[in-house]
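Structure first, commentary second.
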Amino acid sequence: MNYEKIILKSGRERSLLNRHPWVFSGGVKQMPKAPNGSIVEVRTNADELLGYGFFAPNSQIMCRLFEFTSEPIEINANYWKNKITRAFEYRKQFINNDQTNIYRLIHAEGDFFPGIIIDIYNQAAVCQILVKGVELISQYVFEALNSLGFNHIYLKTKQSTQLLENVTDGNRWVNDAILPMPINAKEYNIQFNIDVEKGQKTGFFIDQRENRRMLGELSMGKTVLNTFSYSGGFSLSALKYGATWVDSVDSSKEAIELANQNVVLNGFLNHEGIAADCFEYLKQCQKTYDIIVLDPPAFAKHSRAVANASRGYQSLNKLGIEKVKPGGLIFTFSCSQHIDKDLFRKIVFSAAAECKRNVRIVRQLSQPDDHPINIYHPEGEYLKGLLLHVE
Ligand code: SAH
């Protein structure tokens, strides 16, 4: 098969030779005559083949490579099936399906498949398509998922993607293979009701699985405050391992409702769900806690927002450190891609310094095995956290 070509400006092939999967518009010498979403060859100024990617003429990232090769290849149904099957085999090493059937199957660039994430909830696969190119080959993706035993596939498209990338298909069950909501699924044998249609993200914040478990293991006999709790993931893990009391706080009433339902589903009683702004709650609450979780949404959605976001993280961490009992623990996170590990640590440092308490870093936290980081694409490392001990 013949593919149209993107030719790079001389010298602009360097990051691609290092397998960084993005071609920026400024590095392009010659555009292909191809519509948005086409699969194109990426070539150096000397016409050497670097690989294949999805073309997006109107985007700053003009092409996202899914294959690096100097030899031409055929990109057909089998190609996509192999890619998805390899991702599935990789997960099998880390995910024990008897305990956990909530996991991310495709983590975009982390699985050498830019433009899509696929999350698994028991028998359902939720696809979030991020670029037009993936939409155009989505039939192959669905067939590959079917061949792995996932016959209920939900397509979920963000409005921003519809506008920016012209991804038009979304928010429907593929082939009308509808599953009634909610889906019952489990994480380390904790049951969750997950509504993939109405829930945030694809229905659940899968990326905190290992951190939730770690919190659980430290929760026996403790009181826990879980801020930005969404459907109660951290709360449930604390309860399962014997926390004496857990408060979950989220500004979304629906989220608190979900958390309350999940607590009941697992048969726990010692929990209260509070619909409130977490900053206000922390300022006003008279209680102190043995363990506090701070897991806010991304405050910095783009690089211009970093300064404001840093102030937000700082005041949140200060409030958390003030409210934890002497000898207590704080799990603090940032999922902002634009705030890296070092900056986050500096922010938490200055929050701690304002509180004038002894604070130690017990552990550095990250994203789990099913959200792998492509070593050539450091942007994929987005979740960072610290476990703090506060005297
Ligand atoms: N820790 C959660 C995921 C948190 S996602 C988990 O493990 O599943 C972030 C959550 O913060 C969302 O549920 C959102 O509704 C909530 N939120 C956003 N801004 C908030 C605010 N100012 N106060 C309270 N909750 C907020």
Side-chain angles (χ1 to χ4, degrees), residues 91 94-104 119-122 182-195 199-250 252 254-275 278 287-295 320 324-325 327-333 362-363 365-371 383 385-389:
R91 265 74 184 170
F94 303 110
I95 310 282
N96 175 353
N97 223 70
D98 294 340
Q99 302 177 349
T100 299
N101 54 25
I102 301 174
Y103 61 92
R104 177 156 292 185
D119 288 341
I120 302 298
Y121 298 106
N122 199 349
I183 298 169
N184 184 261
K186 61 192 173 184
E187 174 181 284
Y188 286 125
N189 285 327
I190 300 172
Q191 305 289 321
F192 288 95
N193 274 340
I194 291 162
D195 187 331
Q200 295 188 32
K201 293 258 212 110
T202 60
F204 196 64
F205 289 82
I206 302 177
D207 54 2
Q208 288 287 21
R209 179 180 54 247
E210 303 306 321
N211 298 323
R212 289 197 273 256
R213 181 166 161 109
M214 190 188 299
L215 166 95
E217 286 168 346
L218 295 163
S219 292
M220 173 66 109
K222 307 283 172 144
T223 57
V224 177
L225 170 63
N226 180 17
T227 66
F228 307 91
S229 56
Y230 186 51
S231 56
F234 280 101
S235 308
L236 265 302
S237 190
L239 290 165
K240 179 179 156 114
Y241 284 86
T244 52
W245 188 264
V246 180
D247 285 329
S248 302
V249 183
D250 197 289
S252 151
E254 292 79 21
I256 291 299
E257 188 54 34
L258 281 173
N260 286 337
Q261 284 170 13
N262 286 327
V263 169
V264 172
L265 184 67
N266 290 276
F268 299 115
L269 295 167
N270 38 341
H271 170 266
E272 187 177 359
I274 302 155
C278 288
K287 284 191 194 170
T288 54
Y289 295 88
D290 296 314
I291 304 181
I292 296 180
V293 181
L294 306 170
D295 184 27
V324 78
K325 285 190 176 154
L329 296 171
I330 296 191
F331 283 77
T332 180
F333 298 97
V362 186
R363 285 181 203 161
L365 311 171
S366 179
Q367 60 208 64
D369 311 325
D370 54 338
H371 292 58
L383 181 62
L386 295 168
L387 171 56
L388 306 174
H389 180 270

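Count residues from 1 along the sequence.
Interatomic distance, Phe204 CZ to Asn193 CG, rounded to the nearest 0.5 Å: 11.0 Å. To the nearest 0.5 angstrom, Ser237 atom OG is 12.0 Å from Arg209 atom CZ. In this structure, the separation between CG on Leu215 and NZ on Lys222 is 11.0 Å, given to the nearest 0.5 Å. Annotation: the span from Ile256 atom CD1 to Ser231 atom OG amounts to 10.0 Å, rounded to 0.5 Å. Between the CG atom of Leu386 and the CG atom of Leu329 there is a distance of 12.5 Å, given to the nearest 0.5 Å. For the atom pair CG of Asp290 and CD1 of Ile330, the computed distance is 11.5 Å after rounding to the nearest 0.5 Å.
The main-chain N or O of Asn122 is never found under 3.5 Å from a side-chain atom of Lys186 such that the two would form a donor-acceptor pair. A distance-only check finds no donor-acceptor pair linking the side chain of Gln367 to the backbone of Asp207 [under 3.5 Å]. Side-chain atoms of Asp195 never come within 3.5 Å of backbone atoms of Pro182 as a donor-acceptor pair (strictly under, hydrogens ignored). In this structure a side-chain-to-backbone donor-acceptor pair under 3.5 Å is missing from Thr223 to Tyr289.
For Phe333, the ring-ring contact (aromatic ring centres under 6.0 Å, His included) partners two or more places apart in sequence, or in a different chain, are Phe234. Under the rule for a salt bridge (charged side-chain N to carboxylate O under 4.0 Å, His left out), Asp250 has no partner lying at least two apart in sequence or in another chain. By the side chain to side chain donor-acceptor pair (under 3.5 Å) test, Asp119 is found to be paired with Arg104, Thr202, residues two or more places apart in sequence or in another chain being considered. Taking Glu187 as the reference, Arg212 meet the salt bridge (charged side-chain N to carboxylate O under 4.0 Å, His left out) condition, with sequence neighbours excluded. A search for ring-ring contact (aromatic ring centres under 6.0 Å, His included) contacts involving Phe94 returns Tyr90, not counting sequence neighbours. Evaluation of the salt bridge (charged side-chain N to carboxylate O under 4.0 Å, His left out) rule for Glu217 yields Arg213 as partners, not counting sequence neighbours. When the side chain to side chain donor-acceptor pair (under 3.5 Å) test is applied to Tyr241, no partner is found at least two apart in sequence or on another chain. Listed by chain and residue number, Asn211, Asp295 satisfy the side chain to side chain donor-acceptor pair (under 3.5 Å) test with Gln208 (two or more places apart in sequence, or in another chain). Applying the ring-ring contact (aromatic ring centres under 6.0 Å, His included) criterion to Phe205, with sequence neighbours excluded, gives Tyr230. Residues satisfying the ring-ring contact (aromatic ring centres under 6.0 Å, His included) test with Tyr121, not counting sequence neighbours, are none.
When side chains are defined from C-beta on, Leu365 counts as touching Met214, because their heavy atoms get closer than 4.5 Å. Side-chain contact between Ile206 and His371: present, with at least one pair of heavy atoms (C-beta onward) separated by less than 4.5 Å. Looking at heavy atoms from C-beta onward, Ile95 lies out of side-chain contact with Ile120 at the 4.5 angstrom threshold.
For the side chain to side chain contact (heavy atoms under 4.5 Å, CB included) with Asn226, the lone residue among Ile291, Ile292, Val293 that qualifies is Val293.
A salt bridge (charged side-chain N to carboxylate O under 4.0 Å, His left out) check over residues 237-249, counting only residues at least two apart or in different chains, returns the pairs Asp247-Lys287.
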Show me the side-chain donor-acceptor pairs of residues 263-271 shorter than 3.5 Å, one per line, residues at least two apart or across chains.
unit_1: Asn266; atom_1: OD1; unit_2: Gln191; atom_2: N; d: 2.9
unit_1: Asn266; atom_1: ND2; unit_2: Gln191; atom_2: O; d: 2.8
unit_1: Asn266; atom_1: ND2; unit_2: Asn262; atom_2: O; d: 2.8
unit_1: Asn270; atom_1: ND2; unit_2: Ala243; atom_2: O; d: 3.0
unit_1: Asn270; atom_1: ND2; unit_2: Thr244; atom_2: O; d: 3.1
unit_1: His271; atom_1: NE2; unit_2: Ser248; atom_2: OG; d: 2.7

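What you find for Leu294 and Thr227 is that their closest heavy atoms are CA-OG1, 3.4 Å.
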